[in-house]
Amino acid sequence: MSSQSEKREKTFTCLLSHPDKCLTSHLQSVAEIVKNTFPINDETLKKFAVYVAQFHDVGKATQFFQHYIRGEKIFSQEKNHSLLSAIILFYFLRYNMDENSLLSFLSYVAVKKHHSFPEDIFEDEGVLTDFDIDLLKKQLDSLESSIFSEIEVKIDINSLKMNLENIKENFKPFRSLSRFKRKFGEINDYSLYIAFLAIYSTLLFADRKDAVSALDVKYPDISYSNFKRLIDSIPTEYSIDKLRQKAKDAVLSKVFDPSKRVYSINLPTGLGKTYTGFLYALKMRETLKKQTGKNFRIIYALPFISIIDQNFEIIKEKLQQITDSCDSSLIIKHHHLSEPEYRKDGESLPFDTGKVLTEGWESEVVVTTMVQLFNAIFPKNRSQALRFSRLHNTIIILDEIQTIPVKYWEIFSEIVENLAESLDFYVLFMTATKPVIFPECIELAGKEFFKGLNRYKIDIDLEKKTIGEFISKFKLEEDKTYLFILNTIKSSQEFYEKLREKVNGGIEYISASITPFERKQRLAKIKEGKVKYLVSTQVVEAGVDIDFDVVVRDFAPFDALNQSAGRCNRNGKKSGTFKIIRLADEKGKLYWSYIYDSILSSCTYEILKGVNSLTEEQFISLTEKYFKLVKDKAVDNVKELALFSEALKYLRFSGKNGKRFIKDMNLIENDYGIEVFVQINENAVNVWNKMIDIVKKLKSGERSAFKDYMRLKPRFYEFVIRVNVKEKFLPPPSEELAFYYIPFNDKDIYYGKTGLKEPNLIW
C-alpha cells in the first residue's frame, strides 16, 4: 500500500465527491445514468460520453479536495478538480486508448467546464499555462491513485506527470481557429456542435441528478382516446364552436408519418389550437409508442409566461380527469419565475431534488416558454445546456412560432431539422399566420378554415395622427365594448387619460408598467364582463382569452395585427370591427418605430396602403404575401446568418473579439428597461422585507437560504415592473437588495392607475 493510501486509511473511510457521497459510487452512478440516457444513437459518441462521466470528478481524489469537502476552509487553487479531471481523462483517451484526438479534446472540454461553461472552444480551451502545469503536478502528487483501480482503469500517475508538456503540445491545434482548420479542415455541418452538446449536456444532467440522489421518474400513461373523448364532450355554445370541432376533427383525421419530423397546424385565432395541438401530439405519441416501444414526452412551448400559466392550468385540469396521477411526473411548468417544486404521491420532494427534476424537464408533459426552448437549443450557460439532451424522445409543440425573430428563421429551421433526426424528436408548430420558417412541413389543417370567416370587418386608416386627434373624432357606440392596443407604455398612458375624460366609467388599463399582481386582477375583471373600455399595450395580443366588439390597433407588423384582431368578436356572437390606425407623438415620430423592426413594418405598410376596408377572410389571405415580402427584403439576414452558422459549427459560445457568438442569439432582442419593485399593498411590503432577510442570510454564507430565495422569487416578481425609465426620477435603489423600488408611502408620488407616472418614462 502506498504512503498516500496509508494516509487515506488513517484519515478517511472513503474518498468523497460530496459531503454525503463516496467518490467511486458517484462516478459509477453518473456513468450509468449517461449510458442509459445518452440522446444520440451513435455508439462512438456514447462511448466517449461514458468516459466523460467516469472521469468527470476523478480530480476530487486529491488530499486537498478531500480535506476541503470535509469542512476545512481551504481556499487554494489546489482543491479545484475540473482541470485535473479533464487532463487525466485526455491522457487516458489519447495515451492509453489512442482515441480520436478531436473527440478526446471535446471530452476534455466537457469535463473541464462542467462547473462553468465553455467560451470559444477552438480559441481558448487549448491553452495550458506554466501555472496550470505546476498546479497539475502538485495535485497529481497528492492524488489517491487507488481511485483508478476502483473505477477499473489503469493510469500511471508518474507517466502522466512526465507527459504534461506533451499534452500541452497535443493541444496546439486547439489554440486558435486557424490552427484548428489547418489540422481538421472546414466544418460544413452542425455535427460537431450536436456531438459536443450531447456529451456535455448528458453529463450535466446525470451529475446533478446523482448529486441529489434523485430516483428515476416513471412517467404515467396518457390515453389519447380518453383525452379526445373529454374534449369532444365540451358543449358547443356558439357557431364558432362547431367550426372549432370541425377543425379539430380535420386535424386528427390526418395520418401521422413518423418519417416526417415537422408538422404544422395553421388555424385562425380562436379556433381552439391548444386542445387540437395537444390532442395531435398525443396521437403522435401513441403511434410512436406502438412502432418503437419508446415513450415520447411532450414539451409545450409558448411565448409568454402569462399564457403558460393559463394553458398549464387548462391542460392539467383535463389530464387530472383521465389519469390517476396529479404528480409532477404527469405535468410540470417551467420558466424563470416558476417555483422548482416537484410533487410525488401528493408530497413535495426536497428542494434540491425538485429543482433538478423540474429544470431537467423530468415529466410526461412540460409546459415552458419559447425562450427556454430556444436557449436549450442555443445555450448560453450551464443550466440551459443541461436541457439540450432532454429534447431526446420528445414531441415539441411550438405555439405562436411567429414570435421567433425573422433573422433566426433559416438557422432555427436548419438546426432543428438536424437535431430532430439526431435527438429523435418531432416538432408540431401552431400559428394563425404561418411564417415560412419550416417550408417543407406537413400541414394538418389547411386553408379551408380561413375561408368564409366573417367575425369582424377591418377598417384601415393609415393617415398619421396624434392620440388627441384620433380620440376627438372617434365615435363610441353605447352598446359595444372596446379594446385599444397601443405600441408603447407612454402612448398607452396618454391614450387612457384622454379616453377617460370622454367616457363615463367602465374603463380599465393593462400594460407592463403595472405589476403582474394587478394585471391578473384586471384580466379577471375583463373576463367577468365588467369592463367596457380597455386600453392596453401588446401584453394582450397573443393567447390572452379576452373578447371585445371593437378592437383598435396602432400600426404594427402584420402578424401582430393578426393576433390583435383575434381579440375581436372571438366567438362570432355578433359583427365586430377591427380598426388599424397610425399614431405619432408630438414630434411626428410614429410610435411603432420605437419598438418594431423596420423591415416587418414596411412590408406591412406596403400590403395595406391604399386599402380602406377588408373582410376577415381577405385580411388573413394577405399573410402569405406579407411573409414573402419579409423574406425577400431581409437581405441583411444573409450575413448575420453566416456569422451565427459559423459560431455553431465551431463551438463559439462566447468571446470578446468582436465576432458573433452563440450568446448573441437571443429570442427577445430588446430586453430593455429597469426592474422596479412596487410596494402596492401590505402583501408587497411583506414580500419585500422577507427578501431582504433572505439576501442577508445569503450574504452571510447561509447557503440553505437559497431555497427560500427560489421559493419567494415568483411572489417577489408579482410586484415587479420593467420599464424604460429615467433613473433620476426614481427613488435610489435599496442598499440591501440593490434593486429599485417604490416604497408604499411614496407610491402615490411615482405610481398610479396606469403604473409608473410621468415624467419617468422615456417612451
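Computed from heavy atoms alone, side chains included, the values below leave out hydrogens, waters and symmetry copies. Numbering starts at 1 and runs along the sequence shown.
- Taking the six-membered ring where the residue is Trp, Tyr95 and Tyr91 present parallel rings, their angle staying beneath 30° rather than reaching 60°.
- Two rings, from Phe374 and Phe378, have their centers less than 6.0 Å apart.
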Practice item. Step by step, work out the salt bridge (charged side-chain N to carboxylate O under 4.0 Å, His left out) result for Arg261 and Glu421. Key: CA-CA 8 Å; Arg261 293 285 175 175; Glu421 292 291 340; 3.6 Å; yes
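- A distance of 6.0 Å or more separates the ring centres of Phe174 and Tyr108.
- Two rings, from Tyr408 and Phe412, have their centers 6.0 Å or more apart.
- What you find for Leu349 and Lys344 is that their closest heavy atoms are CD2-CB, 4.0 Å.
- Side-chain contact, Asn80 with Gln77: a donor N or O sits under 3.5 Å from an acceptor N or O.
- The aromatic ring centroids of Tyr263 and Tyr426 lie 6.0 Å or more from each other.
- For His56 and His26, the gap between ring centers is short of 6.0 Å.
- Between Glu364 and Arg285 a salt bridge is recorded (basic side-chain N to carboxylate O distance below 4.0 Å).
- Considering all non-hydrogen atoms of both residues, Arg208 and Lys355 come closest at NH2-NZ, 3.8 Å.
- Residues Phe92 and Tyr51 bring their aromatic ring centres within 6.0 Å.
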